[in-house]
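So that the names make sense, note that chain A is the first sequence line, chain B the second, and so on, each numbered from 1. A quick note: this is a predicted structure, and the numbers were derived from the prediction, not measured.
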Number of protein chains: 2
Amino acid sequence: MPRVVVDVMPKPEILDPQGKAVLGALPRLGFSGVTEVRQGKRFELEIAGELTDEVLEQVRQMAETLLSNPVIEDFTVSVETPAGTPAGTVA
Amino acid sequence: MPRVVVDVMPKPEILDPQGKAVLGALPRLGFSGVTEVRQGKRFELEIAGELTDEVLEQVRQMAETLLSNPVIEDFTVSVETPAGTPAGTVA
């Protein structure tokens, strides 16, 4: 069954208090070398049937109307590879 | 500046009320064809300096101790491509 991933992130110009909290906690836990953290949402959608351009366009509309707030958030729609791990995953 | 992405998702055997709420809302908004929705978190970390295996191992430790709850969540660590869009992104 094809899986589509929608990533929703706060726009760069929008304050991100959750990301700031993580960034502030890292040195206290002994981690260094991270200069910026942004926190967003990830949605994994299982699609019934074939993954056509039409279906992807529908997912894009879901992302715009339900999954994100376009005023303060950006989203990307990606298709997960059949292997079960997203392309670009390390280890 | 290299960017590392940590995706945190509820484990398959864990109930996901947020995902269920989204799944329930889709038909009311006129969308069909989605059989399952899982909602998780996405963290984008900007790294100072080079992206070595050591740094990635540190990020994995951050993911395990701070960004996720390993009892109920799985995480993946991936490196974002220099182009700025994650590999596998559609359109």
Around atom CG of Leu29(A), are there more than 12 heavy atoms of other residues, nucleotides or ligands at under 6.0 Å?
yes

Tell me, for Leu23(B) versus chain A, whether the close heavy atoms (under 4.5 Å) come from the side chain, the backbone, both or neither.
neither

Chain A contact via Ile47(B) - side chain, backbone, both or neither, heavy atoms under 4.5 Å:
both

In Å, rounded to the nearest 0.5 Å, how long is the span from CZ of Arg42(A) to CZ of Arg38(B)?
12.0 Å

Give the cluster check for Val22(B) versus Val8(A): same hydrophobic cluster or not, with ILVMFWY residues linked at side-chain heavy-atom distances below 4.5 Å.
yes

Same cluster or not: are Val5(A) and Val5(B) linked, directly or through other Ile, Leu, Val, Met, Phe, Trp or Tyr residues, by side-chain heavy atoms under 4.5 angstrom apart?
no

Calculate, to the nearest 0.5 Å, the distance between atoms CG and CZ belonging to Leu66(A) and Phe31(B) respectively.
7.5 Å

Tell me whether Met9(B) is reachable from Val37(B) by hopping between hydrophobic residues (I, L, V, M, F, W, Y) whose side-chain heavy atoms are closer than 4.5 Å.
no

Pair Lys41(A), Gln39(B) - check side-chain contact (heavy atoms from CB on, under 4.5 Å), show working.
CA-CA 7 Å; Lys41(A) 289 176 284 187; Gln39(B) 180 174 346; 3.3 Å; yes

Chain A contact via Gln61(B) - which portion, at a heavy-atom distance below 4.5 Å:
both

Pairwise distance CG(Leu67(A)) to CG(Leu26(B)) - rounded to 0.5 angstrom:
7.0 Å

Can you get from Val71(B) to Met62(B) by hopping between Ile, Leu, Val, Met, Phe, Trp and Tyr side chains that sit under 4.5 Å apart?
no

Would Thr35(A) and Met1(B) count as a side-chain contact (heavy atoms from CB on, under 4.5 Å) if you check the C-alpha gap in whole Å, the side-chain angles of each, and the deciding distance to 0.1 Å?
CA-CA 10 Å; Thr35(A) 57; Met1(B) 198 173 287; 3.4 Å; yes

